[in-house]
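This report concerns only the one structure given below.
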Amino acid sequence: MGIRHAAILWLCSALSVATVRAAEPGEVRIGGALGERFGLTLSNNVFKLDHERDFYKPFREKCERNGAFIGYGKHADALVHFAKNSDDPNVRRLKDELIDFIIAQQLPDGYTGCLRPQDRMSGVWDMHDMGFIIQALVADYEFFGNGKALEAAKRNADYILSNWNGLPDGWETSFVTDRMITLGLTYALERLYALTGDRKYLDFVLRERSLATWNLPVVIGRGPMVYGHSYVYLSTCFEQLELYRIHEKQDRLLQASRNLLDFMVNGNGLLIDGTGGVCECWTDDQDGEGSIGETCTVAYQLIFYDQLLKLGLADPALLGDLSERAIYNALFGAQSRDGRKIRYYTPLNGRRRFWKPDTYCCPNNFRRAISRLPEYVFYEDEDGILANLYTACSAKLKARGVTVSIDEKTDYPADGKIVFTLDPEKETAFAFKLRLPRWCRNPAARINGENVTYRMTPGEMLVLPRVWRKGDRVELDLPMEVRTVLGRQRQAGRFAVMRGPVVYGLNLASLQAFRDREPLDAATALMVDPLSLVYANGRIKVRVSTNDAAVGVAGASSADAELVPFADEDVTLTYFRAPDIKRTVTANDELLK
């Protein structure tokens with residue numbers, strides 16, 4: 001079955017598909033590459049923030065004007081997930097402080113924002129921030145049983161519902177769409193309905209937000225009202241999927257998500273680093289320069305893929321491949337090497353810049369994405385356990401009602417050897433399902449030292465059904481070869497370099513001949529020989545040369561260089577020209593065939 005077919009067929013009728021449960025927060029403790037980034041974000045970002053100045057002061061004073069946006073709700077939501085997914089009591093204390101502050105600062109009428117009275121509700125981003133504040137409060141109730149948080153969430157939601165009809169005419173026709181202004185609110189109300197059963201929250205979602213009938217096509221470009229906003233589109237699809245889950249399984253709720261997934265994998269919507277978009281909006285021209293890959297979009301791609309997987313609505317192997325591509329490249333590329341700074345955009349080609357404040361949307365959504373990484377590693381279905389992302393970790397999951405402890409050892413994505421040790425509480429028959437990435441040509445597996453004879457097809461799940469016993473050992477070998485990938489659209493005539501899920505790029509400043517050149521000018525002048533690529537110690541050695549015709553000087557010089565993972569903060573060039581690309585580079589991106 002081709003990727004196009006697999007991506008949009010969605011397994012016939014969604015009503016007949018068994019749903020999947022993600023590992024609950026706290027069930028998986030991650031190490032390895034994912035765990036390193038999780039810990040780095042906590043130690044060098046979260047705990048280095050000036051909470052008093054940036055988060056507490058505006059909400060205590062409540063005198064900000066229309067257009068102010070802090071992102072307190074996103075940050076608090078991230079801390080709730082960080083607290084549940086880590087063993088660090090300091091994280092728990094900071095989370096409690098953030099949640100307690102929200103509750104203490106809530107006004108008697110239920111308002112929890114930071115705007116002055118005349119701008120509340122109608123002010124741009126006020127309902128946006130309140131929506132995520134409600135999400136954080138609800139999550140604290142779900143994960144930690146905080147009844148006060150749930151009551152504060154309901155009071156805030158009731159404040160919004162009671163003042164909705166009093167909004168001034170034209171509030172929803174400002175410079176952005178009403179869905180962008182209220183982003184986060186709809187999902188917050190869906191969670192409140194699911195937890196309380198109070199129909200007024202669902203009715204608001206259906207009547208005032210018209211969520212069941214929304215079906216905007218993927219809009220290319222940043223026009224008036226920004227209808228092509230990728231983050232908003234992903235969020236609304238996610239909200240429809242949640243409505244599908246908690247209310248009624250109607251096919252119309254899936255159409256926009258189908259269109260979006262098809263656009264990404266078949267419509268040139270996905271870039272080589274796993275994300276997409278220019279200036280926060282969808283594009284299909286494969287532009288890689290400037291305002292590329294908004295960090296909010298990356299975060300919501302992962303949330304979107306997670307929801308699709310849990311609902312059993314798309315090929316799980318494809319969703320895992322898409323997730324790891326976005327995580328190891330776009331998401332990690334949005335953070336500085338020391339973990340302290342975050343990017344709003346991460347271009348493929350050209351200099352990268354960090355976002356100066358710790359507030360606003362992207363820094364807070366970055367923290368939300370990192371805080372959830374442990375929740376994307378394993379899933380459970382009616383047959384057993386599914387391994388989605390690979391990283392060193394320990395987990396305690398359920399397979400057919402039996403607790404199964406799993407210890408995973410690996411240096412992935414630096415190495416493709418992965419070892420699982422399974423310890424069920426008692427002998428139990430279930431299926432252990434392992435994702436075989438599309439980039440891996442010759443996967444292999446062993447159970448207790450014996451070769452697996454089940455079908456192993458790259459891009460599918462390896463299903464291992466058996467009676468599992470304490471100490472059973474599964475070894476998965478995913479050989480990683482350096483591969484070259486042809487560019488498309490604006491990148492036509494160039495190629496990218498990958499190994500496993502990781503894209504590799506070049507720091508042009510490391511080359512003496514190009515040190516004083518603008519990166520994009522150097523991209524034209526530089527030639528990379530695909531036949532010279534050699535992987536060693538986390539880097540790829542390559543031979544580069546100047547194109548004398550392009551630079552306008554006699555004679556071409558050549559030198560040895562090193563390509564490094566895309567996430568390295570000094571990468572300024574991801575696509576390369578080749579002396580003879582038609583002969584030396586023939587492969588397309590395996591996710592986009």
Side-chain angles (χ1 to χ4, degrees), residues 19 21-22 24-25 59 72-74 76-77 80-81 84 95 98-113 120-122 125-167 171-172 178-179 181-214 235-250 252-254 303 306-307 310-311 368:
T19 57
R21 187 181 78 86
E24 292 291 342
F59 280 80
Y72 192 112
K74 292 183 175 73
D77 179 72
V80 174
H81 284 263
K84 191 64 175 176
K95 182 273 299 181
L98 288 165
I99 296 297
D100 289 346
F101 179 83
I102 293 173
I103 297 172
Q105 295 302 314
Q106 187 171 37
L107 297 181
D109 63 3
Y111 180 72
T112 60
R120 290 172 189 170
M121 287 280 290
S122 61
W125 313 133
D126 195 31
M127 282 189 281
H128 182 127
D129 214 356
M130 283 194 286
F132 283 101
I133 287 173
I134 295 170
Q135 288 190 38
L137 293 168
V138 167
D140 198 49
Y141 170 74
E142 290 185 280
F143 299 161
F144 297 99
N146 187 349
K148 291 182 179 179
L150 179 62
E151 289 305 310
K154 291 193 295 184
R155 289 199 302 274
N156 194 178
D158 292 347
Y159 168 84
I160 294 171
L161 268 59
S162 63
N163 287 279
W164 181 264
N165 290 328
L167 287 168
W171 73 271
E172 74 277 25
D178 64 313
R179 292 199 180 274
I181 295 173
T182 61
L183 193 152
L185 175 61
T186 302
Y187 180 69
L189 296 177
E190 288 176 322
R191 296 306 306 135
L192 279 177
Y193 167 70
L195 289 171
T196 67
D198 194 328
R199 179 78 191 198
K200 66 185 176 186
Y201 302 124
L202 177 62
D203 288 343
F204 185 89
V205 167
L206 295 174
R207 288 203 299 260
E208 301 297 341
R209 306 311 299 132
S210 304
L211 186 62
T213 59
W214 180 86
S235 175
T236 310
C237 287
F238 169 65
E239 292 163 356
Q240 286 190 323
L241 295 175
E242 180 67 6
L243 184 61
Y244 177 92
R245 187 182 72 83
I246 66 173
H247 179 49
E248 56 179 349
K249 291 180 169 52
Q250 295 294 324
R252 68 178 184 274
L253 294 173
L254 308 179
I303 290 172
D306 172 66
Q307 186 79 315
K310 287 188 292 190
L311 290 172
R368 292 179 74 220

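Nearest heavy atom pair, residue Asp77 against residue Ala139, reads OD1-CB, 4.2 Å. The minimum heavy-atom distance linking Lys310 with Ala22 is given by the pair CD-CB, 3.6 Å. Leu195 approaches Tyr141 most closely through the heavy-atom pair CD1-CD2, 4.1 Å. Ala153 and Val138 get closest at one heavy-atom pair: CB-CG2, 3.9 Å. Contact between Ala149 and Ile99 at its shortest, heavy atoms only, is CB-CG2, 4.3 Å. Taking both residues in full, the closest heavy atoms of Phe143 and Val80 are given as CD1-CG1, 3.6 Å, listed atom of the first, atom of the second, then distance.
At most 12 non-hydrogen atoms from other residues, nucleotides or ligands lie less than 6.0 angstrom from CZ of Arg207.
Residues Asp198 and Leu192 fail the side-chain proximity criterion, which asks for heavy atoms closer than 4.5 Å. Leu189 has its side chain out of reach of Ile160: every pair of non-hydrogen atoms, C-beta onward, lies at least 4.5 Å apart. Side-chain contact between Trp171 and Asp178: present, with at least one pair of heavy atoms (C-beta onward) separated by less than 4.5 Å. Within the 4.5 Å cutoff, the side chain of Val205 has no heavy atoms near those of the His247 side chain. The closest side-chain heavy-atom distance from Asp129 to Phe59 is below 4.5 Å. Counting heavy atoms from C-beta on, the side chains of Asn163 and Arg120 never come closer than 4.5 Å. With a 4.5 Å cut-off on side-chain heavy atoms, Leu137 and Ile103 count as touching. Under the 4.5 Å side-chain criterion, counting only non-hydrogen atoms from C-beta, Leu243 is not in contact with Arg209.
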**Q.** side chain to side chain contact (heavy atoms under 4.5 Å, CB included) evaluation trace for Gln307 with Ile303
**A.** CA-CA 6 Å; Gln307 186 79 315; Ile303 290 172; 5.7 Å; no
Q: List the steps, then state whether side chain to side chain contact (heavy atoms under 4.5 Å, CB included) holds for Lys200 with Asp158.
A: CA-CA 9 Å; Lys200 66 185 176 186; Asp158 292 347; 3.1 Å; yes
**Q.** Intermediate values then yes/no, side chain to side chain contact (heavy atoms under 4.5 Å, CB included), Phe204 and Leu211
**A.** CA-CA 9 Å; Phe204 185 89; Leu211 186 62; over 6 Å; no
Q. Please walk me through it: do Leu206 and Arg199 pass side chain to side chain contact (heavy atoms under 4.5 Å, CB included)?
A. CA-CA 11 Å; Leu206 295 174; Arg199 179 78 191 198; 4.1 Å; yes
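Ile181 contributes atom CD1, which lies 11.5 Å from atom CE of Met121 (distance to the nearest 0.5 angstrom). Between the CG atom in Leu253 and the CD atom in Glu239 there is a gap of 12.0 Å [rounded to 0.5 Å]. For the atom pair CD (Glu190) and CG (Leu202), the distance works out to 8.0 Å, reported to the nearest 0.5 Å. We find the OG1-CH2 distance between Thr236 and Trp214 to be 4.5 Å, quoted to the nearest 0.5 Å. Remark: Asp306 CG to Leu311 CG distance equals 9.0 Å, nearest 0.5 Å.
When atom types are taken as modelled, the side chain of Arg252 and the backbone of Ala212 share a donor-acceptor pair closer than 3.5 angstrom. Of the possible polar contacts, none joining the Gln135 side chain to the Tyr187 backbone as a donor-acceptor pair under 3.5 Å is found.
Listed by chain and number, the residues in a ring pair (Phe, Tyr, Trp, His ring centres under 6.0 Å) with Tyr111 are Tyr159 (sequence neighbours excluded).
In this structure, Phe101 and Tyr72 have parallel ring planes: the angle between them is below the 30° cut-off, well short of the 60° mark. Between Phe132 and His128, the ring planes lie tilted relative to each other; the angle falls in the 30° to 60° range.
Counting only residues at least two apart or in different chains, salt bridge (Lys or Arg N to Asp or Glu O under 4.0 Å) contacts with residues 135-144 comprise Lys95-Asp140, Glu142-Arg191. Residues in residues 147-156 take part in these side chain to side chain donor-acceptor pair (under 3.5 Å) pairs, two or more places apart or across chains: Gln106-Arg155, Thr112-Asn156, Glu151-Lys154.
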